[in-house]
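Each chain gets a letter, A, B and so on, in the order the sequences are listed, and its residues count up from 1. If you're wondering where the values come from, they're calculated on a predicted model, not measured in any experiment.
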Protein chains: 2
Amino acid sequence: MLLSKSCVYGLRAALFLANQEEGKFVPIRHMSDKLEISFHFLTKILQQLTAEGILESFKGPNGGVRLVKKGNEIPLIEIVMAIDGPQLLTECALGLPGCGVQNPCPLHDKWAETRDSIRDMLENSTLTELVHKGKQENLRLTSESGFDILFND
Amino acid sequence: MLLSKSCVYGLRAALFLANQEEGKFVPIRHMSDKLEISFHFLTKILQQLTAEGILESFKGPNGGVRLVKKGNEIPLIEIVMAIDGPQLLTECALGLPGCGVQNPCPLHDKWAETRDSIRDMLENSTLTELVHKGKQENLRLTSESGFDILFND
DNA sequence: ATATTTTAAGACAAAAGAGTCTCAAAAACC
DNA sequence: GGTTTTTGAGACTCTTTTGTCTTAAAATAT
Ligand code: SF4
Ligand code: SF4
C-alpha cells in the first residue's frame, strides 16, 4: 500500500473536518461514528496530527478537535508527512539503502518520475479542494456498505 | 511502501537472472549471497515466481532457477503482479472498499493519474532494459555497504 | 464539590509481514 | 546404492502494523 492505514484514516478525518463549520471543535467520537473507524484508533491517529500542530484539541463538553489552519491552506502532503513521514518521497522502489542521485540503481529515473507524480498529487490538492469536488459531484467518503455520504449530509 | 519487501527482492533477483547467461540455471544460494538476501526467504519468493510460470527450476547439482522467457519480454509488472498481486493497481489512495469509477471518492481523479503513472513505469520497463541501463551507467543493485556491484562483475 | 464529557497516554492483543529453520524430494555424481 | 547438491513445502519465530482497552487529566455543568 502506498499509504498506511493510519494515514488513510487521518486523511479521511481531515477531509471530514474541512467540511465542518470553521473553528468548531468536533468530538472524535462523532467522526469515528461517521467515518466508521474505531474510536480509540482514530483518537491515537488524531493525537499525532495534534502533536504535529495540524489539529488543535480541546477537552471536556463541547470539546473535540479542529484544524489549526483553514482547509484551503492544507495540502494533503501535510497530513501524510505527519503520519507516514517522509519515507514515501525518499524511499526507493527497489528498497536499496543509501540510494541517491549520485549512486542510483537502474530503476532510478523511472521511479523518480513516478515519485514526483505522487508528490505533485499530494502537494497540489488541498483539503478544501477535495471537499468542494466531493460536494459538487456528490461523492462519498465512507465505504460502499455504509451508505453514509459525507458531503452534503 | 509501494512494493512489499518480498516483491523488491523478487525484482532484484529477476534483474540478476536477466543479467546471467540465457537458459543457464542459477542456484538460489548464489543469488542470495550476491544480493545479500536471506537464502530461505529468497527461496520462498522465487518459488512463487516459479509457481506463476515466470521462472523454471531444476533440482540437484547444476540446478537452480532461470527465466522462462527472455528478459526483454518480461516487464516489471509481471513480477510485481506475481508477488504483490493486483492490489497496487486496483486499490485506492483512501483505501475505501468498493471504490470505482461509478462511485468515486474525492481523490479519485488525481489518484487515478498517479496510479496510471505507476502502471506505466512497471509495464514499460523490461528486465533487460534495466540491466542494460545498469551496465551502461555502471549502476549497482545491492546495498551501499555491500560494495557488490551487480552489473559488469 | 461532584458528576459528566471529552482528549491524552500507554498497556495490551490480534493480524500481517518478514525472516528462519527443518525435513522431504529430485537430480547428479561416485 | 549412497552421498551430495539443489529446490519444495511448511512449521515456526520475530517484528511491525493495526486495533482494543483501561486509566488519567482537563474542561464543563449542576
Ligand atoms: S536509486 Fe532511485 S530507484 Fe534506486 S533505490 Fe535509490 S531512489 Fe530508488
Ligand atoms: S474512488 Fe478512486 S481514489 Fe477513491 S478509493 Fe476508489 S480508486 Fe481510490
>> Across nucleotides 7-16 of chain D, 5' to 3', mark each nucleotide with B, S or - according to how protein heavy atoms within less than 4.0 Å reach it.
In response: BBB-B-----

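When the side-chain nitrogen and oxygen atoms of B:Ser38 are compared with OP1 and OP2 of C:dT20, one or more of them lie within a distance under 4.0 Å. At D:dT18, none of the side-chain N or O atoms of A:Tyr9 fall inside 4.0 Å of OP1 or OP2 (strictly under the cut-off).
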>> Test ring-ring contact (aromatic ring centres under 6.0 Å, His included) on B:His30 and B:Phe39; report intermediate values, then the result.
In response: CA-CA 9 Å; B:His30 180 231; B:Phe39 166 70; over 10 Å; no

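Ion pairing between a basic and an acidic side chain is recognised when a charged N comes within 4.0 Å of a carboxylate O; B:Glu129 and A:Lys110 show such pairing.
Linking Ile, Leu, Val, Met, Phe, Trp and Tyr residues whenever their side-chain heavy atoms come within less than 4.5 Å places A:Leu11 and A:Phe41 in a single cluster.
Shown here is A:Lys69, whose NZ atom has more than 12 heavy atoms of other residues, nucleotides or ligands within 6.0 Å.
Between the side chains of B:Asn72 and B:Thr126, no donor N or O sits under 3.5 Å from an acceptor N or O.
Rounded to an integer number of Å, the gap from A:Phe41 CZ to C:dT7 P is 17 Å. For the pair A:Leu49 CG and C:dT7 P, the interatomic distance rounds to 14 Å; values are reported in whole Å. For B:Gln87 and C:dG17, the CD to C1' distance is 13 Å, given to the nearest whole Å. Summarising the geometry, the separation between CD1 on A:Ile45 and P on C:dA9 is reported as 16 Å, rounded to the nearest angstrom. Between B:Leu42 atom CG and C:dG19 atom C1' there is a gap of 12 Å when expressed in whole angstrom units. We find that CD of A:Glu56 is positioned 16 Å from C1' of D:dA26, with the value rounded to whole Å. Spacing between atom CZ of B:Phe25 and atom C1' of D:dT5 amounts to 15 Å, rounded to whole angstrom units. For the pair A:Gln48 CD and C:dG10 P, the interatomic distance rounds to 13 Å; values are reported in whole Å.
Proximity of a side-chain donor or acceptor of A:Asn124 to a complementary backbone N or O of A:Asp120 within less than 3.5 Å is detected.
Relative to the side chain of A:Lys5, the nucleotides C:dA27, D:dT18, C:dG19 differ in distance, and D:dT18 lies closest.
The nearest pair of heavy atoms linking B:Gly10 to B:Leu49 is O-CD1, 4.3 Å.
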